[in-house]
Amino acid sequence: MASIFSKIISGEIPCYKVAETEDFLAFLDINPNAKGHTLCIPKQEVDKIFDLDDALYIELMKFSKKVAIALEKTVPCKRVGMTVIGLEVPHAHVHLIPLNTMEDAVFSKKVTLTKDEFENIANAIGKAM
Ligand code: 5GP
């Protein structure tokens, strides 16, 4: 069965898209730790990030770096943190989270955004790339 993220890639499930290439997609996390929390995924569905082949893993890191730089330019923060978990969605993904305090890195702290806020921040990060 396709992962939730494969359904996002195919357009079956909507997302707030930040950036897309032939092999990767960046979109906002629907339940963000902080405004601008972005997920970067390979379009190839592989569960665990360290099971990606080396070339795809390195390209995912390069793609994530570009998104992180755009995110840091767009969302006021001390720095952008990068986390890999994968306990909820079995499709490799990198979390990019604008950090101001250690709490922002804790996955039990969540913020609520309106549809407009999601749309505006996704567009602004994409434009900064
Ligand atoms: P993890 O697998 O790294 O533990 O967490 C998966 C992340 O994906 C969570 O932060 C969760 O909020 C996010 N997520 C789960 N389902 C969806 C979805 O349908 N759309 C989006 N945009 N994010 C999702």
Side-chain angles (χ1 to χ4, degrees):
M1 200 178 78
S3 73
I4 287 177
F5 290 171
S6 286
K7 290 181 181 173
I8 286 176
I9 292 163
S10 70
E12 197 180 324
I13 292 177
C15 73
Y16 297 101
K17 190 193 291 184
V18 169
E20 183 170 17
T21 68
E22 199 181 333
D23 296 320
F24 303 101
L25 180 67
F27 55 98
L28 297 179
D29 194 300
I30 204 66
N31 191 19
N33 291 24
K35 188 173 180 179
H37 181 164
T38 299
L39 303 174
C40 297
I41 65 172
K43 290 185 178 175
Q44 185 186 333
E45 186 177 326
V46 171
D47 177 355
K48 298 175 184 173
I49 197 163
F50 298 123
D51 285 339
L52 293 175
D53 74 44
D54 285 357
L56 195 61
Y57 175 80
I58 287 163
E59 289 305 314
L60 174 61
M61 288 302 131
K62 284 162 71 176
F63 177 72
S64 301
K65 180 179 173 181
K66 281 187 196 150
V67 176
I69 289 168
L71 180 53
E72 192 165 335
K73 280 187 201 152
T74 308
V75 176
C77 61
K78 288 186 178 162
R79 61 184 57 223
V80 169
M82 185 174 86
T83 305
V84 173
I85 303 178
L87 288 173
E88 185 185 330
V89 179
H91 183 139
H93 53 282
V94 170
H95 293 260
L96 298 176
I97 306 170
L99 301 176
N100 285 298
T101 70
M102 198 61 196
E103 292 294 295
D104 296 325
V106 177
F107 278 72
S108 52
K109 186 221 152 186
K110 297 293 175 183
V111 297
T112 304
L113 302 178
T114 64
K115 189 172 185 295
D116 275 359
E117 285 175 313
F118 271 118
E119 276 170 4
N120 290 341
I121 198 68
N123 290 335
I125 300 163
K127 278 192 188 129
M129 286 184 69

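Criterion: ILVMFWY side-chain heavy atoms under 4.5 Å apart, direct or through other members. Under it, Ile97 and Leu113 are not part of a common hydrophobic cluster. Ile41 and Met82 fall into different hydrophobic clusters, where Ile, Leu, Val, Met, Phe, Trp and Tyr residues are linked whenever their side-chain heavy atoms come under 4.5 Å apart, directly or through other members. Criterion: ILVMFWY side-chain heavy atoms under 4.5 Å apart, direct or through other members. Under it, Ile125 and Val94 are part of a common hydrophobic cluster.
A side-chain donor-acceptor contact under 3.5 Å links Asp104 to the backbone of Thr101. Lys110 places a side-chain N or O within donor-acceptor distance of the main-chain N or O of Asn31, the cut-off being under 3.5 Å. The main-chain N or O of Lys109 is never found under 3.5 Å from a side-chain atom of Glu103 such that the two would form a donor-acceptor pair.
Expressed to the nearest 0.5 Å, how far NE2 of His37 lies from CD1 of Ile30 amounts to 11.5 Å. Separation of atoms CG (Leu96) and CG (Leu71) is listed at 6.5 Å; rounding is to 0.5 Å. In this structure, the separation between CD1 on Ile85 and CD1 on Ile49 is 11.5 Å, given to the nearest 0.5 Å. Between atom CE of residue Met129 and atom CZ of residue Phe63 there is a gap of 5.5 Å, rounded to the nearest 0.5 Å. To the nearest 0.5 Å, the span separating NZ on Lys115 from CG on Asn120 amounts to 10.5 Å.
A heavy-atom distance below 4.5 Å is found between the side chains of Cys77 and Asn100. The closest side-chain heavy-atom distance from His95 to Leu39 is below 4.5 Å. In this structure the side chain of His91 never reaches within 4.5 angstrom of the side chain of Val46, judged on heavy atoms. Within the 4.5 Å cutoff, side-chain heavy atoms of Leu56 are placed close to those of Gln44. Two residues are said to be in side-chain contact when any heavy atoms from C-beta on lie closer than 4.5 Å; Glu20 and Leu25 meet this criterion.
In summary, of the residues considered (Tyr16, Phe118, Phe5), a ring pair (Phe, Tyr, Trp, His ring centres under 6.0 Å) with Phe27 occurs for Phe5 alone.
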>> Phe107 vs Thr83, test: side chain to side chain contact (heavy atoms under 4.5 Å, CB included). Steps then yes/no.
In response: CA-CA 10 Å; Phe107 278 72; Thr83 305; 4.0 Å; yes
> Should Lys43 and Asp23 be marked as a side chain to side chain contact (heavy atoms under 4.5 Å, CB included) after you check the CA-CA gap, both sets of side-chain angles, and the distance that decides it?
Replying inline: CA-CA 5 Å; Lys43 290 185 178 175; Asp23 296 320; 5.7 Å; no
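Residues forming a salt bridge (Lys or Arg N to Asp or Glu O under 4.0 Å) with Lys127 (at least two apart in sequence, or on another chain): none.
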